[in-house]
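Working notes, structure below.
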Amino acid sequence: MTDIGPSNEDIAQILEELALYVELEGENPFKSRAFKNAAQTIRGIDVSLSQMIRQDKDLKQFTGIGKNIENKIKEIIQTGSLNKLQKLRRKYPEGILDIIKIPGIGPKQAIELCRKYGLKTQEDIYKFAKTGQLRLLRGFGEKKEQKVISFLDKLLSQKKSFKLPEVEPFVKQFINYLKEVKRIGDPFVVGSFRRKKDIIRNIDMLFKGSLEEVVPILKDYALQKNGGVIIRSQDKVEIEIKKKPNITIRLIEPSQFGIKTIFFTGSKKFNKELWEFSKEKLNIGNLWDDSIVLNLTEQEIFQKLDIEFISPELREGRGEIERGVKKCLPKLVEESDILGDLHIHTNYTDGRNTIQEYAQSAILKGYEYICITDHSKRLRMVNGLDEKAIRRQIEEIESINQDIQGIEILKGIEVDILEDGSLDLPNSILKDLDIVIASVHSKFQLPKRSQTKRIIRAMKNPYVNIIGHPTGRLIGRREPYAIDMDEVINCALETGCILELNSQPDRLDLNDYYLKLAKDAGVKICINSDAHDIHGLGLIKYGIYQARRGWLEKEDIINTLSKEEILKIISNKRV
DNA sequence: GCCGTTTTCGGCCCGACTGTTTTCAGTCG
């Protein structure tokens, strides 16, 4: 029997939901955090927990999973859910977890809004706020009401959306189900998922097959997931599963598979440009429906158009067709080009593994080097390091380096950029580190002018090598802070500062658009995992996706270079 | 909840910010 049980991501989501309810219950806050930590750990594990349980393997080997959570995971895998969670869901109004997601409203106020005022969904809150009633409540006022309104204005107007890593396991499992269990021929994912966009609203898939053949299989699958199937037309079926993106399945004539693959991979803008191009090039009316492309594969169609094959990640209408015609598309970076990770948090601060453990994992990943970059002292909440602690860490790294084979551990820091652009640590300590990442972790609301000045001042410090997550966005939760990216890019070029592509799934910062801007200007990028445990090193793959969308080649990225070459670049800036 | 352990229970994430409750609770990073 093929694995159709809960994926690790599913389990992580259930534990996260539990964490929220535990918070609502007002239980020991550390309990809630334990569930969140476990969820985070599980996201990073690349073996299926369902499989591990079947093989009777011990889950307690993972940090953050003890006896209790292990039992909960077993229950999730065996029953698809958690009794405790079901009870809690019944205890509170359905929308309460969405209410907590509104910035400025926490568990205490969410409960009060529900219990006292009967506001049970985000829509309820929105209406209440719009009529000026929210500001009258205890703990609210005009400003807070406005904040709530502007957040919900944006959120309620858009369709449900998902981060790529959230849907990846779901899609994989679905394909596996079709191939292994049902032996459906060649399910093929297209659309934004194939283009590896950071946000996915819908999964598009192509099948060769007939409605009669496919629908019962899809219904069977949807049933197992408590979802439904909608037949939209003779060649289009949609699967709806709660808390997952819809899957749109299109049934394609085998002779048209190639051209439909291009069409449904998109993007719209790319399609329009390709369509225009084909009209002239091949002297045809409609590329999507012309006999000239029948029975051709996607590759063959590009050949026919005399265009170099354009990777799906590039198909956004940003000049890729023109470059394809000239046969000079970028040779996009691959994960195997990456030789090391330069942004890692250990248990000195908010990371969950030791330097030693990271080193071992990095060796297994085939890295030549890693750089340890814990937080600086201002971030007290995570035990940010002061000079003394850094000295201690430097000593430990040097001692490990003496004993360890096959990898070099570099000494670094992720130092906070303070409000005025000065740094949270003096140069006297920064100069003793191999790599300094400087990041903004506070005062996100500064006006554009001041925020830009702040970052530029940091970049001009000779010891700052990399600007961490340069726009500070948290996908779906926090907008990027206001900065003049042109100015930042220019300054990076002038100072030799490197911009980070942070691979955390909710950051992916810089985004694809800015990456291309930076690349075109000649600014170097560093793709980092920002790992908080050893499994987090694997997140680099999402950074790679984004890098490819941003046209990046191996040459644009510093951590494709050897350690010696990187250190040379850094010492150049310090002169 | 988990972890580490001097194996049985105490420590774990604490301080700044916000808006308004005027002396602080709730929220956030």
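Numbers restart at 1 for each chain; the letters A, B, ... are given by sequence-line order, proteins then strands.
Note: CG (A:Leu137) to P (B:dA25) measures 18 Å, nearest angstrom. Rounded to an integer number of Å, the gap from A:Glu112 CD to B:dT21 C1' is 12 Å. Nucleotide B:dC17 holds its C1' atom 12 Å from the NZ atom of A:Lys143, rounded to whole Å. The CG-C1' distance, from A:Asn347 to B:dC2, rounds to 15 Å in whole Å. With rounding to whole Å, A:Tyr21 atom OH is found 17 Å from B:dG1 atom P. Atom CD in A:Glu75 sits roughly 12 Å away from atom P in B:dG1 (whole-Å rounding). Protein atom CD1 of A:Ile42 is 13 Å distant from nucleotide atom C1' of B:dG1, rounded to whole Å. To the nearest angstrom, C1' of B:dG1 lies 16 Å from CG of A:Leu59.
Of the P atoms belonging to B:dT23 and B:dC28, the separation is 25 Å, rounded to the nearest Å. Look at the P atom in both B:dG10 and B:dA16: the space between them is 29 Å, to the nearest Å. Between the C1' atoms of B:dC17 and B:dC12, the separation comes to 24 Å (whole Å). Distance noted for atom P between B:dT21 and B:dG15: 27 Å (whole Å). Annotation: B:dG1 and B:dT5 have their P atoms spaced 23 Å apart (nearest Å).
Contact check on A:Lys60 versus A:Glu70 returns a salt bridge, with a Lys/Arg side-chain nitrogen under 4.0 Å from an Asp/Glu carboxylate oxygen. Between A:Glu23 and A:Lys36, at least one side-chain N (NZ, or NE/NH1/NH2) sits under 4.0 Å from a carboxylate O, which counts as a salt bridge. One finds a salt bridge joining A:Glu487 and A:Arg449 here, because a Lys/Arg side-chain nitrogen approaches an Asp/Glu carboxylate oxygen to under 4.0 Å.
A:Lys196 is linked by a side chain to side chain donor-acceptor pair (under 3.5 Å) to nothing, counting only residues two or more places apart in sequence or in another chain. A:Asp434 pairs by the side chain to side chain donor-acceptor pair (under 3.5 Å) definition with nothing, not counting sequence neighbours.
Side-chain N/O atoms of A:Asn28 and base N/O atoms of B:dG1 include a donor-acceptor pair closer than 3.5 Å.
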Can you give the donor-acceptor pairs under 3.5 Å from side chains of residues 457-464 of chain A to other protein atoms, not counting sequence neighbours?
| from | atom 1 | to | atom 2 | distance (Å) |
| --- | --- | --- | --- | --- |
| A:Arg457 | NH1 | A:Asp420 | O | 3.0 |
| A:Asn461 | OD1 | A:Tyr463 | N | 2.7 |
| A:Asn461 | ND2 | A:Asn427 | OD1 | 2.9 |

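Base pairing of B:dT8 is not made with any nucleotide, judged by Watson-Crick or G-U wobble geometry with both donor-acceptor distances under 3.5 Å.
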Below 3.5 Å is the cut-off: list the nitrogen or oxygen pairs between protein and nucleotides 27-29 of chain B, distance only.
| from | atom 1 | to | atom 2 | distance (Å) |
| --- | --- | --- | --- | --- |
| B:dT27 | OP1 | A:Gly106 | N | 2.4 |
| B:dT27 | OP1 | A:Gly106 | O | 3.1 |
| B:dT27 | OP1 | A:Gln109 | N | 3.3 |
| B:dT27 | OP1 | A:Gln109 | OE1 | 3.2 |
| B:dT27 | OP2 | A:Lys108 | N | 3.4 |
| B:dT27 | O5' | A:Gly106 | N | 3.3 |
| B:dC28 | OP1 | A:Gly104 | N | 2.4 |
| B:dG29 | O3' | A:His441 | O | 3.2 |

Under-3.5 Å N/O pairs linking protein and nucleotides 3-9 of chain B:
| from | atom 1 | to | atom 2 | distance (Å) |
| --- | --- | --- | --- | --- |
| B:dC3 | OP1 | A:Gly64 | N | 2.8 |

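Other residues, nucleotides and ligands place more than 12 heavy atoms under 6.0 Å from the CD atom of A:Gln133. The number of heavy-atom neighbours closer than 6.0 Å to OH of A:Tyr117, taken from other residues, nucleotides and ligands shown, is above 12. Within 6.0 Å of NZ in A:Lys377 there are more than 12 heavy atoms belonging to other residues, nucleotides or ligands.
No contact: A:Lys36 has no heavy atom under 4.0 Å from any strand. Residue contacts for A:Phe35: at a heavy-atom cut-off of 4.0 Å it reaches the sugar-phosphate backbone alone, with no base atom in range. In this structure, A:Asn383 reaches neither bases nor backbone, as no heavy-atom distance under 4.0 Å exists between it and the strands shown. At a threshold of 4.0 angstrom between heavy atoms, the contacts of A:Glu142 are confined to the sugar-phosphate backbone, with no base atom among them.
Taking only side-chain nitrogens and oxygens, A:Lys84 comes nearer than 4.0 Å to OP1 or OP2 of B:dG1.
A side-chain donor-acceptor contact under 3.5 Å links A:Arg454 to the backbone of A:Leu418.
Here B:dT22 is in the anti range [glycosidic angle more than 90° from 0].
Sorted by first and then second residue, the salt bridge (Lys or Arg N to Asp or Glu O under 4.0 Å) pairs with a member in residues 394-404 of chain A read A:Glu398-A:Lys411; sequence neighbours excluded.
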